[in-house]
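Model, not experiment: these values are computed from the prediction.
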Amino acid sequence: MLHQSIPLPRDLPRPNEQILVNITPQETRVAVLEDAIVQELHVERAASRGIVGNIYLGQVKRVLPGMQSAFIEIGLERAAFLHIADVLEQRQHPSEPQRIEKMLFEGQTVLVQVIKDPIGTKGARLSTQISLAGRFLVHLPQEEHIGISQKIENEEDRLSLKARLERLLPDGTPKGYIIRTSAETASDEELAADIGYLGKLWTDIRQRSLTEPPQSLLYEDLPLAVRVLRDMVSESTEHVIVDSTENYSRMVEFAEQYVTTAVDKIARYSGERPLFELHGIEAEIDRALARRVNLKFGGYLIIDQTEAMTTIDVNTGGFVGNRNFDETIFKTNLEATHAIARQLRLRNLGGIIIVDFIDMDNEEHRSQVLNELAKAMARDRTRVTLNGFTSLGLVEITRKRTRESLAHVLCEPCPTCQGRGEIKTAQTVCYEIQREIVREARQFDAKGFRILASQPVIDMFLDEESQSLAMLVDFIGKPISLSVETTYPQEQFDVVLL
C-alpha cells in the first residue's frame with residue numbers, strides 16, 4: 001500500500017535559464033539549460049510532429065458500452081480513443097454518471113481535441129472539452145467559470161486576477177477561462193490581447209466545423225519554436241537563442257504580438273560552430289539515451305523504460321564513502337534524487353515511474369531522501385505526483401505523459417535483438433543450426449548442407465563446437481560445409497541444401 005502523496009514545494013527560487021533552439025528543415029530541437037546544465041530536451045520533426053492540442057471534426061467509428069469508451073476516426077493511421085471521463089457532459093457533471101452509448105452513435109460527427117499523442121500501439125486520446133492555450137490564459141469556450149492556476153497560492157492575488165479578467169471580458173462572450181501562472185505579471189492590455197486572440201481562434205474553429213468534412217483538422221497547435229515563447233519563457237529566462245534567421249523573425253513577430261516581455265530575450269545565433277555542439281548538447285543527447293547514468297561520486301542509476309512503466313535502480317557502484325556503510329547509502333540516495341528528477345525531464349519520461357533506492361534502515365534518512373526528491377522535482381513543468389516508500393522500499397512517481405519520450409522519438413527497436421537488449425550467444429545459435437540440419441536431413445534427400453552464418457558462429461563451429469559438428473556429420477551421413485556471411489548479425493543463419 002502506498003503512502004499519501006507528498007506535496008512538492010512551490011516557493012523555490014528558479015535558477016537562471018537559457019533556452020537554445022536549433023532548427024533545420026527536418027526538425028526543431030530545443031534545450032533548456034538551468035545554470036548552464038541541460039535539464040530538458042524537446043524534439044519535433046516535420047514528418048512526425050506531435051498532435052497534442054490539435055482539434056479535429058471526428059467521426060464515431062465504434063461505441064464500446066462495456067468499456068464506456070468510443071473509437072473516433074480523425075484521419076490518422078489508427079482510430080483515436082475517447083473515454084466517457086473525457087466527454088464534456090460527464091466532466092461538467094461528474095456526480096451524475098451517464099452512459100456513453102446514450103451520448104454517441106456510430107457515424108456521428110463530434111468536435112474533439114487530442115490530449116495525448118499516439119504512443120506505441122495506442123491511438124491518440126481525445127477529449128470533447130476544447131481548450132485553447134494563450135500566453136496568460138487557457139480558453140474553455142464550452143465552460144462558464146473562471147479557474148486559477150494552483151501555483152498562484154496567495155488568495156488576494158487569486159481574487160484580484162479573477163476580478164481583472166471578469167472586468168476585461170466582453171459582454172456576450174464565453175466566460176470559460178483558466179488563468180495561467182504567467183498572468184500574475186501581465187498588464188490589462190496583455191490580458192485583453194490574449195482574450196481577443198483566443199476568441200478569434202474559437203470563432204474560426206466553429207466556422208470551419210460547419211463547412212469541413214468529417215475527419216478534418218480544424219486547428220493545429222503552434223510549432224515548437226513558437227510554443228517555447230508561449231509555454232517556457234519566464235522571469236528567470238535570460239535568453240532564447242535561435243540559429244535560424246527565418247524562425248528568429250517569426251519568433252520575434254509572435255513575441256511582439258503576444259509575449260512582449262520575451263522580445264528582448266530572443267537572440268539570433270550566427271556563429272560558425274553549431275549551437276548545440278557549442279553548449280555540449282549533442283553529447284548530452286547521447287547520454288540521455290543510455291541505460292546507465294553515472295553519479296558524481298561513483299554511484300549510478302539504471303533506467304529501464306517499458307510500455308507499462310519506467311524503473312530506476314540506484315546503486316552505490318564505486319562509492320565507498322568516508323564514514324560507515326549507512327552513511328554511504330544515504331549519500332548515494334541523496335545524490336540520486338537530483339539525477340532522477342533531471343533524467344525524468346531530460347528524457348521526458350511519463351506514466352508510472354518506480355524508483356528502487358538502496359535500502360535504508362534509518363527512518364530519518366528515508367524522510368530526507370523523499371524531501372530532497374520532492375524539492376528536485378518541484379521545478380518540473382509537467383504535473384508530477386510523488387508517493388512515499390512502500391513496504392518493499394520502493395518509491396512511486398507519476399508524471400503526466402502527453403508526448404513520446406526522447407528515446408521513442410530518436411530511436412527504434414534494435415533489428416538484431418528486436419528490442420530485448422540482448423542477443424543469443426554464438427553457442428546457442430550453433431545448437432539451433434544443428435537442430436535445423438537434423439530436421440532438414442529427415443525431410444529432404446540432399447547431397448550435403450552448407451551453413452551460412454556470422455563470423456562468431458562459424459568460429460565457434462571451427463573451435464569449441466568442432467567435435468559436435470563432426471558427430472552431426474556422422475549422424476546424418478552427409479557432408480556439412482561452412483561459409484561466413486559478413487552482413488549477418490549473430491542470430492541470423494541459413495542452411496542451404498546442396
Side-chain angles (χ1 to χ4, degrees), residues 1-3 5-6 8 32 34 37-42 119-120 284-319 321 328-362 365-411 413 419-422:
M1 182 177 177
L2 294 172
H3 293 187
S5 296
I6 296 167
L8 305 184
V32 180
E34 293 179 357
I37 298 173
V38 186
Q39 299 290 340
E40 294 180 33
L41 290 167
H42 302 268
I119 297 176
E284 200 62 62
I285 292 173
D286 288 338
R287 284 193 288 270
L289 298 175
R291 183 170 177 254
R292 174 169 170 152
V293 179
N294 292 321
L295 303 178
K296 183 178 179 182
F297 295 112
Y300 62 92
L301 310 177
I302 296 293
I303 301 176
D304 286 312
Q305 186 182 353
T306 67
E307 191 166 336
M309 67 176 68
T310 298
T311 60
I312 303 177
D313 186 32
V314 183
N315 299 277
T316 54
F319 181 46
T328 298
I329 290 173
F330 173 57
K331 293 292 186 185
T332 302
N333 283 338
L334 213 54
E335 184 188 4
T337 59
H338 294 275
I340 289 166
R342 178 171 177 259
Q343 291 299 322
L344 295 185
R345 295 174 66 186
L346 200 60
R347 300 168 186 242
N348 194 23
L349 297 174
I352 299 171
I353 297 122
I354 302 295
V355 183
D356 185 8
F357 285 105
I358 307 166
D359 290 340
M360 294 174 288
D361 296 327
N362 188 314
H365 285 176
R366 290 158 68 100
S367 178
Q368 287 185 51
V369 166
L370 274 180
N371 290 337
E372 199 65 27
L373 184 59
K375 283 199 295 185
M377 293 196 304
R379 296 190 177 99
D380 201 327
R381 300 177 209 274
T382 304
R383 189 171 74 240
V384 176
T385 303
L386 171 64
N387 294 299
F389 283 94
T390 68
S391 58
L392 297 176
L394 305 174
V395 173
E396 183 192 84
I397 301 167
T398 56
R399 188 172 185 269
K400 187 177 179 182
R401 177 164 54 190
T402 56
R403 300 181 189 274
E404 295 270 25
S405 69
L406 187 70
H408 283 161
V409 172
L410 301 183
C411 303
R420 293 196 312 268
E422 298 174 324

Study note, to complete from the structure: Between the CD atom in Q343 and the CG atom in N348, the distance rounded to the nearest 0.5 Å is 12.5 Å
Check your understanding: So which heavy atom on T332 is nearest to which on L295, and how close?
Key -> O-CD1, 4.2 Å
Check your understanding: Which pair of non-hydrogen atoms, one from V314 and one from V355, has the smallest distance, and what is that distance?
Key -> CG2-CG1, 4.3 Å
Practice item. Before giving the answer on side chain to side chain contact (heavy atoms under 4.5 Å, CB included), spell out for F357 and I340 the whole-Å C-alpha distance, their side-chain angles and the decisive distance to 0.1 Å. Key: CA-CA 11 Å; F357 285 105; I340 289 166; 4.0 Å; yes
Check your understanding: Looking only at atom types and distance, does a side-chain atom of R399 sit under 3.5 Å from a main-chain N or O of L349, one as donor and one as acceptor?
Key -> yes
Review point. From I353 CD1 over to L394 CG, what is the distance, rounded to the nearest 0.5 angstrom?
Key: 13.5 Å
**Study point:** Residue list, salt bridge (Lys or Arg N to Asp or Glu O under 4.0 Å) with R287, at least two apart or on another chain
**Key:** E284
Scan the side chains in residues 371-378 for donor-acceptor partners under 3.5 Å anywhere in the protein, sequence neighbours excluded, and list what turns up.
{"unit_1": "N371", "atom_1": "ND2", "unit_2": "S367", "atom_2": "O", "d": "3.3"}
{"unit_1": "E372", "atom_1": "OE2", "unit_2": "H338", "atom_2": "NE2", "d": "2.8"}

**Study point:** Least distance between heavy atoms, R342 atom then I37 atom
**Key:** NE-CG2, 3.6 Å
Practice item. Return the minimal non-hydrogen interatomic distance between L370 and G388, and the atom names on each side. Key: CD1-CA, 3.8 Å
Practice item. Provide the closest heavy-atom pair for E40 versus R345 in the form atom of the first, atom of the second, distance. Key: OE2-NH2, 2.6 Å
Point to revise | L289 to R347 - nearest heavy-atom pair and separation | key: C-NH1, 4.4 Å
**Study point:** E34 side, atom CD; Q39 side, atom CD - distance, nearest 0.5 Å
**Key:** 4.5 Å
Exercise for review: Take I329 and D359, measure what side chain to side chain contact (heavy atoms under 4.5 Å, CB included) needs, and give me the verdict at the end.
Suggested key: CA-CA 8 Å; I329 290 173; D359 290 340; over 6 Å; no
Exercise for review: Using the side chain to side chain contact (heavy atoms under 4.5 Å, CB included) rule, pick out the option among I354, L301, D304, D356 that qualifies with D313.
Suggested key: D356
